[in-house]
2 protein chains.
Amino acid sequence: MLQDGPLRFGELRRTVGAISERMLILQLRELQTAGLVHREVYQQVPPKVEYSLTAFGRSLNDAMAPLGTWGEDNLERIEAIPFE
Amino acid sequence: MLQDGPLRFGELRRTVGAISERMLILQLRELQTAGLVHREVYQQVPPKVEYSLTAFGRSLNDAMAPLGTWGEDNLERIEAIPFE
DNA sequence: CAGTATCCGCGATGATACTG
DNA sequence: CAGTATCATCGCGGATACTG
């Protein structure tokens, strides 16, 4: 599970790991449009932008938590599934 | 939410709705390989095949239930999200 | 640092026809 | 009824280069 505090773009990138810069941006824009993520721009140099969940985003995060737990509980079995 | 009893291929197709025959088969085979779905073949004419969840499948279904509830609870807001 | 812009391949999916 | 087989398309996402 990811931390819940606001994260800067670079932090997010490192935290998520296996995602290209392009896709991370596209996803963030989409989540923002959907009202799940809030984007806060700080007018300064160097640029600083923080992303955080909205209340709506947190509600979805909560709803997905059991699925995350299931994934952890069944990691071995899941990883044993062959690629078709 | 879908019913949980065994369903025949045609029933599944009608129940799910917007899915091509091809994709339904591919998805079912994949779910079967993953151990989430059980496929029971009845040797008779006309052919009869029933699909049902395994215990593993039910556990995933349970883990996804809260997400389903969230979706229902937020249907209006979700449908208001514009296509990008 | 936090993005944009552009090009491009390839796999996912649809459409259609056929079968035991 | 319950699939399979084949072909064509299309847009997702990777790679790379550039910018305020």
Side-chain angles (χ1 to χ4, degrees), chain A residues 1-54 56-58 60-61 64 67-68 71 78-84, chain B residues 1-54 56-58 60-61 64 67-68 71 78-84:
Chain A
M1 290 294 131
L2 294 175
Q3 210 176 326
D4 49 354
L7 286 178
R8 303 186 57 177
F9 184 76
E11 296 172 327
L12 213 38
R13 198 164 143 49
R14 283 185 296 277
T15 305
V16 175
I19 189 169
S20 68
E21 202 161 279
R22 180 176 178 274
M23 286 315 295
L24 181 55
I25 285 285
L26 290 180
Q27 292 299 322
L28 284 171
R29 294 279 183 269
E30 195 173 338
L31 291 167
Q32 197 185 340
T33 300
L36 291 162
V37 159
H38 174 69
R39 178 172 182 269
E40 183 81 27
V41 181
Y42 296 83
Q43 283 300 350
Q44 58 187 50
V45 180
K48 174 178 173 180
V49 177
E50 281 187 346
Y51 293 91
S52 56
L53 291 179
T54 61
F56 189 44
R58 283 192 295 277
L60 176 55
N61 190 57
M64 290 179 25
L67 187 55
I78 293 170
E79 289 179 337
I81 298 173
F83 294 83
E84 12 269 300
Chain B
M1 290 295 130
L2 294 175
Q3 207 177 327
D4 50 354
L7 287 178
R8 304 186 56 177
F9 184 75
E11 296 172 327
L12 214 38
R13 197 165 143 50
R14 282 185 296 277
T15 305
V16 175
I19 189 171
S20 68
E21 202 161 278
R22 180 175 178 275
M23 286 315 295
L24 181 55
I25 284 286
L26 290 180
Q27 292 299 324
L28 284 171
R29 294 280 183 268
E30 196 172 338
L31 291 167
Q32 196 186 342
T33 299
L36 291 162
V37 158
H38 174 68
R39 179 172 181 269
E40 183 82 25
V41 181
Y42 296 83
Q43 283 300 347
Q44 57 186 54
V45 180
K48 175 178 173 182
V49 178
E50 281 188 347
Y51 293 90
S52 56
L53 291 179
T54 61
F56 189 43
R58 284 192 296 275
L60 175 55
N61 190 57
M64 290 180 24
L67 186 56
I78 293 170
E79 289 180 337
I81 299 172
F83 294 82
E84 11 269 299

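Each chain gets a letter, A, B and so on, in the order the sequences are listed, and its residues count up from 1.
Between Phe9(A) atom CZ and Ile25(A) atom CD1 the span is 4.0 Å, to the nearest 0.5 Å. Remark: Leu36(A) CG to Gln27(A) CD distance equals 11.5 Å, nearest 0.5 Å. Summarising the geometry, atom CD1 belonging to Ile78(A) is positioned 5.5 Å from atom CZ belonging to Phe56(B); distances are rounded to the nearest 0.5 Å.
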Identify each donor-acceptor pair in which a side-chain atom of residues 39-46 of chain A lies under 3.5 Å from a protein atom, sequence neighbours left out, and give them as a table.
{"from": "Arg39(A)", "atom 1": "NE", "to": "Tyr51(A)", "atom 2": "OH", "distance (Å)": "3.2"}
{"from": "Glu40(A)", "atom 1": "OE1", "to": "His38(A)", "atom 2": "NE2", "distance (Å)": "2.8"}
{"from": "Tyr42(A)", "atom 1": "OH", "to": "Glu50(A)", "atom 2": "OE1", "distance (Å)": "3.1"}

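The shortest heavy-atom contact between Pro82(A) and Thr33(B) is CG-CG2, 3.7 Å. For the pair Ser52(B) and Pro6(B), the tightest heavy-atom approach, listed with the atom from each and the gap, is CB-CA, 4.1 Å. Scanning all heavy atoms of the two residues, the minimum distance from Ile81(A) to Ala34(B) falls at CD1-CB, 3.6 Å.
In this structure, Arg39(B) reaches the sugar-phosphate backbone alone: every heavy-atom distance under 4.0 Å involves primed, P, OP1 or OP2 atoms, never a base. At the heavy-atom level, Tyr42(B) lies nowhere under 4.0 Å from the strands shown.
Between chain A and DNA chain D, the heavy-atom contact criterion of under 4.0 Å yields a 5' to 3' nucleotide range of dG13(D) to dG20(D).
Within the structure, salt bridge (charged side-chain N to carboxylate O under 4.0 Å, His left out) pairs that include any residue of residues 12-23 of chain A comprise Arg13(A)-Glu21(A) (at least two apart or interchain).
Between the Glu11(A) side chain and the Arg8(A) main chain, a donor and an acceptor come within less than 3.5 Å of each other.
Of the two residues near DNA chain C, Glu21(B) and Leu28(A), the one whose nearest nucleotide lies more 5' is Leu28(A).
Leu53(A) meets the side-chain contact (heavy atoms from CB on, under 4.5 Å) test with Val37(A), Arg58(A), Asn61(A); sequence neighbours excluded.
Helical stems involving DNA chain D, defined as 3 or more consecutive Watson-Crick or G-U pairs under 3.5 Å, span C:1-20 with D:1-20.
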Quiz item: Reading nucleotides 8-15 of chain C 5' to 3', which nucleotides get B (base under 4.0 Å from a protein heavy atom), which S (sugar-phosphate only), which -?
Solution: -----BBB
